[in-house]
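In what follows, chains are A, B, ... by sequence order, proteins preceding strands, each numbered from 1.
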Number of protein chains: 2
Amino acid sequence: MNRPAFRNWQTVQEEVLRRIHAREWKPGDLIPNEADLAEEFGCARATVNRALRTVAESGLLDRRRKAGTRVALQPVAKATIDISLIRQEIEARGQKYGYQLISRSLQEPPAQVSGALQVPMTTRMLHLSALHLANDAPYAVEDRWINTATVPTAVNEGFETISGNEWLLANAPYTHGEIAFSAAAATKEEARLLGCPLQAAVFVIDRLTWDHAASVTKVRLIFAPGHQLRTAL
Amino acid sequence: MNRPAFRNWQTVQEEVLRRIHAREWKPGDLIPNEADLAEEFGCARATVNRALRTVAESGLLDRRRKAGTRVALQPVAKATIDISLIRQEIEARGQKYGYQLISRSLQEPPAQVSGALQVPMTTRMLHLSALHLANDAPYAVEDRWINTATVPTAVNEGFETISGNEWLLANAPYTHGEIAFSAAAATKEEARLLGCPLQAAVFVIDRLTWDHAASVTKVRLIFAPGHQLRTAL
DNA sequence: AATGATTTTATGTATGTACATAATAACCCT
DNA sequence: AGGGTTATTATGTACATACATAAAATCATT
């Protein structure tokens with residue numbers, strides 16, 4: 001009986017994953033080197049490399065030059081979360097999206113905000129408060145500060161019909177940022193907008209984006225009670 | 001003046017990102033094909049391919065055969081969250097990790113659990129309740145159900161000194177799973193264990209893992225108030 | 001035994017060529 | 001003009017080869 005042909009990197013990857021899951025290669029084990037595997041699988045080393053590299057990216061293998069490739073002892077699960085526009089998120093579920101601007105003003109931000117955006121405390125910034133609705137029900141409150149020094153054109157936009165999220169995506173590029181997930185008790189204002197009890201447990205996403213060294217925006221999304229963020233593992 | 005040399009895929013990637021951020025290639029734009037870019041950059045097409053593929057994986061480019069590569073109109077930010085062991089999470093912050101088993105019993109799970117794990121309602125499962133501590137302060141409550149049909153050896157483990165998380169990682173492989181983040185109000189028991197007020201807003205992670213078609217475990221992690229899950233964007 | 005230089009080795013990547021594949025564009029026939 | 005077939009094209013990937021690089025292992029020197 002001839003050995004089966006593992007001629008493309010996906011097939012090789014599947015076989016590697018099978019061996020790991022079947023514990024033929026146990027956690028901590030050093031697996032054969034690429035050249036040997038290539039010979040065994042009847043393919044080029046580049047193909048094995050692509051497969052192993054992909055598996056390593058998922059956290060199941062640890063690779064080091066000269067030391068070789070070993071099965072991760074404590075595979076760190078990597079959950080990738082797609083952060084799309086709230087509008088898309090709602091429409092993807094077949095619901096009707098609604099947007100409502102609550103307030104828009106140029107004002108001095110609280111110290112916490114000016115600090116996070118690394119902007120002088122006396123600099124006025126654009127502050128937006130808005131409500132996102134799904135099938136006419138409150139879905140999330142958006143509380144946003146925009147650095148008008150970085151995005152001066154923002155002051156010319158009313159944000160009555162387009163959310164800060166959407167406008168910025170189209171008009172203000174960013175190079176990097178950070179995002180934080182947490183739980184909080186709904187404030188009076190949040191409870192009023194979301195139509196939920198005061199102090200209700202709400203899911204919160206805080207995001208801060210930068211264009212190189214210049215801060216762009218800081219946004220806090222407060223979701224109606226019961227909201228879940230889910231993803232495959 | 002000679003053109004600068006973009007001789008490796010990382011450099012090519014940086015240049016591609018630069019052009020996107022500088023809006024030389026605007027959202028929606030079709031960018032030159034790989035062969036042309038390879039010529040421009042003075043490298044092989046495979047190098048350009050690797051660079052573009054990597055950028056596309058981050059969501060900034062959309063690639064389609066024959067249609068070509070274009071800058072994503074609405075770049076979906078992809079946040080990758082590393083889900084490591086709670087012990088590692090705490091130790092990585094230089095804090096002392098503590099673990100305390102609250103209860104361990106074989107019992108019939110509530111319908112919600114047996115349903116999620118796709119196990120008959122009358123099947124008894126291993127139920128664990130435990131507390132994770134950071135510097136002796138409550139950090140998170142772990143509420144776990146283990147499918148003993150899939151992981152029979154779990155009934156021989158006392159879990160007095162090792163958390164379900166850690167034991168399963170070493171003893172029960174999984175092929176896939178799902179994870180959900182949400183906010184909840186602390187129950188009486190959770191509030192007692194975490195030392196927080198009843199109904200306090202707590203951050204919750206629910207995880208469900210499978211080994212092929214067989215469910216392995218369902219775990220709910222309830223974090224002490226104030227907990228944040230943060231990652232780069 | 002400790003230190004430093006050197007060799008070895010497994011992964012990492014660049015290249016040119018070849019072919020596969022998907023999706024669009026062009027064409028042809030009625 | 002419509003509908004179906006064929007050609008074209010950009011990405012996707014396999015392969016053999018070559019060299020780069022990091023890190024472990026070995027050897028040489030003190």
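The distance between the ring centers of A:His21 and B:Tyr174 does not fall below 6.0 angstrom.
Qualifying salt bridge (charged side-chain N to carboxylate O under 4.0 Å, His left out) partners for A:Arg64, counting only residues two or more places apart in sequence or in other chains: none. B:Glu57 is linked by a salt bridge (charged side-chain N to carboxylate O under 4.0 Å, His left out) to nothing, counting only residues two or more places apart in sequence or in another chain.
Of the candidate nucleotides D:dT13, C:dT15, D:dA10, D:dT13 has the atom nearest to the side chain of B:Arg53. For B:Trp9, taking side-chain heavy atoms from C-beta onward, the closest of the listed nucleotides C:dT15, C:dA14, D:dC15 is C:dA14.
Across the protein-nucleic acid pair, A:Leu30 atom CG and D:dA23 atom P stand 16 Å apart, rounded to whole Å. The CG atom of B:Asp62 sits 13 Å away from the P atom of D:dT11 (whole-angstrom rounding). Atom P of nucleotide D:dA22 and atom CZ of A:Arg65 are separated by 6 Å, given to the nearest angstrom. Distance, B:Glu34 CD to D:dA10 P: 11 Å, rounded to whole Å. Atom CZ in B:Arg50 sits about 14 Å away from atom P in D:dG12, given to the nearest Å. Put simply, CD on B:Glu57 is 13 Å from C1' on D:dG12, counting in whole angstrom units.
Place A:Arg63 and A:Lys66 on DNA chain C by their nearest nucleotides, and A:Lys66 ends up nearer the 5' end.
Salt-bridge annotation for A:Arg70 and A:Asp29: absent, with no side-chain N of the basic residue lying under 4.0 Å from a carboxylate O of the acidic one.
Within 3.5 Å, no donor on the side chain of B:Arg64 pairs with an acceptor on the base of D:dT11, nor the reverse. Counting distance only, with no hydrogens placed and no angle test, the side-chain atoms of B:Arg45 and the base atoms of D:dG12 include a donor-acceptor pair under 3.5 Å.
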